[in-house]
Amino acid sequence: MTIDATAVAEGLLGTVPFARTLGIRFTEITVDADGVRAVATLPDDPAVHNHVGGPHAGAMFSLGETASGAIVLAAFGDQLHRATPLAVRAGIAYQKLAMGVVSATATLSRPPADVVAELDAGQRPEFEVNVVIANAEGITTGEMAITWTLRPNR
């Protein structure tokens with residue numbers, strides 16, 4: 001499967017104003033034999049800082065969730081005519097104080113074809129997107145898991 005990474009990024013940022021408000025940008029969106037991957041960054045902006053001068057926990061959560069949304073659009077954008085993607089649940093573990101620019105690297109936990117096969121079988125598939133949040137030096141500052149579903153349009 002090939003995707004237009006620019007179209008995915010622009011589409012997501014065009015339909016999710018909050019992500020634009022935070023200044024989130026995409027540096028990578030790929031679908032290949034190794035899987036589906038998206039990398040998004042959050043700028044070092046005092047408007048989204050917390051009481052210790054780093055990105056607010058809510059901004060980092062939004063960064064991770066936005067990166068996971070790009071995964072969903074990249075992997076399942078061709079299914080939007082028959083299913084609506086929805087986040088079902090999410091969890092985050094803040095592991096280290098983040099300072100400066102942070103990035104979120106999201107990966108799909110299972111092959112897209114398996115998810116589509118469940119949709120084809122009339123099911124409402126769930127799948128997990130895993131996200132690693134890191135500072136500019138590449139040190140992990142948090143990890144997330146977001147469970148998504150493709151709700152069939154009826």
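Computed over heavy atoms, backbone and side chain alike; hydrogens, waters and symmetry mates excluded. Remember, it's a predicted structure, so these values are computed and weren't measured experimentally.
- The heavy-atom pair separating A74 from V36 by the smallest distance is CB-CG1, 4.3 Å.
- K96 places none of its side-chain heavy atoms less than 4.5 Å from the side chain of T140.
- Atom CD1 of I71 sits about 10.0 Å away from atom CG of N130, to the nearest 0.5 Å.
- Atoms CD and CG, from E118 and L150 in turn, are 9.5 Å apart once rounded to the nearest 0.5 Å.
- Atom NE2 of H56 sits about 11.0 Å away from atom CG of L22, to the nearest 0.5 Å.
- The side-chain contact (heavy atoms from CB on, under 4.5 Å) search around A40 returns I24, F26, L63, A67, not counting sequence neighbours.
- L80 and V88 sit in two unconnected hydrophobic clusters of ILVMFWY residues. Membership requires side-chain heavy atoms under 4.5 Å apart, directly or through other members.
- Taken to the nearest 0.5 Å, the CD1 atom of I133 stands 12.5 Å off from the OG1 atom of T41.
- I146 and L86 end up in different hydrophobic clusters when Ile, Leu, Val, Met, Phe, Trp and Tyr side chains are linked at under 4.5 Å.
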Exercise for the section: May I have the step-by-step check of side-chain contact (heavy atoms from CB on, under 4.5 Å) for E128 and T147, ending in yes or no? Expected result: CA-CA 4 Å; E128 192 166 276; T147 302; 3.9 Å; yes
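- Under the 4.5 Å side-chain criterion, counting only non-hydrogen atoms from C-beta, M60 is not in contact with N50.
- The heavy-atom pair separating L119 from P152 by the smallest distance is CD1-CG, 3.9 Å.
- Atom-to-atom distance recorded for D44:CG and M99:CE is 7.5 Å, nearest 0.5 angstrom.
- V132 and V39 fall into different hydrophobic clusters, where Ile, Leu, Val, Met, Phe, Trp and Tyr are joined by side-chain heavy atoms under 4.5 Å apart, directly or via other members.
- Minimum heavy-atom separation, A106 to V131: CB-CG2, 3.9 Å.
- Under the 4.5 Å side-chain criterion, counting only non-hydrogen atoms from C-beta, T27 is not in contact with S103.
- Between the side chain of T149 and the backbone N or O of P125 there is at least one donor-acceptor pair closer than 3.5 Å.
- Minimum heavy-atom separation, A59 to L42: CB-CD2, 3.9 Å.
- Side-chain heavy atoms closer than 4.5 Å link hydrophobic residues (I, L, V, M, F, W, Y) into clusters, and following such links, possibly through other members, connects I92 to F18.
- Within the 4.5 Å cutoff, the side chain of H49 has heavy atoms near those of the P46 side chain.
- Under the 4.5 Å side-chain criterion, counting only non-hydrogen atoms from C-beta, W148 is in contact with S68.
- Rounding to the nearest 0.5 Å places OG1 of T105 at 11.0 Å from CD of E143.
- Contacts of E10 classified as side-chain contact (heavy atoms from CB on, under 4.5 Å), with partners at least two apart in sequence or in another chain: T6.
- The minimum heavy-atom distance linking P55 with A98 is given by the pair CD-O, 3.3 Å.
- One N or O on the side chain of R20 and one on the backbone of L13 form a donor-acceptor pair closer than 3.5 Å.
- In terms of heavy atoms, V72 sits closest to P85 at CG1-CB, 3.4 Å.
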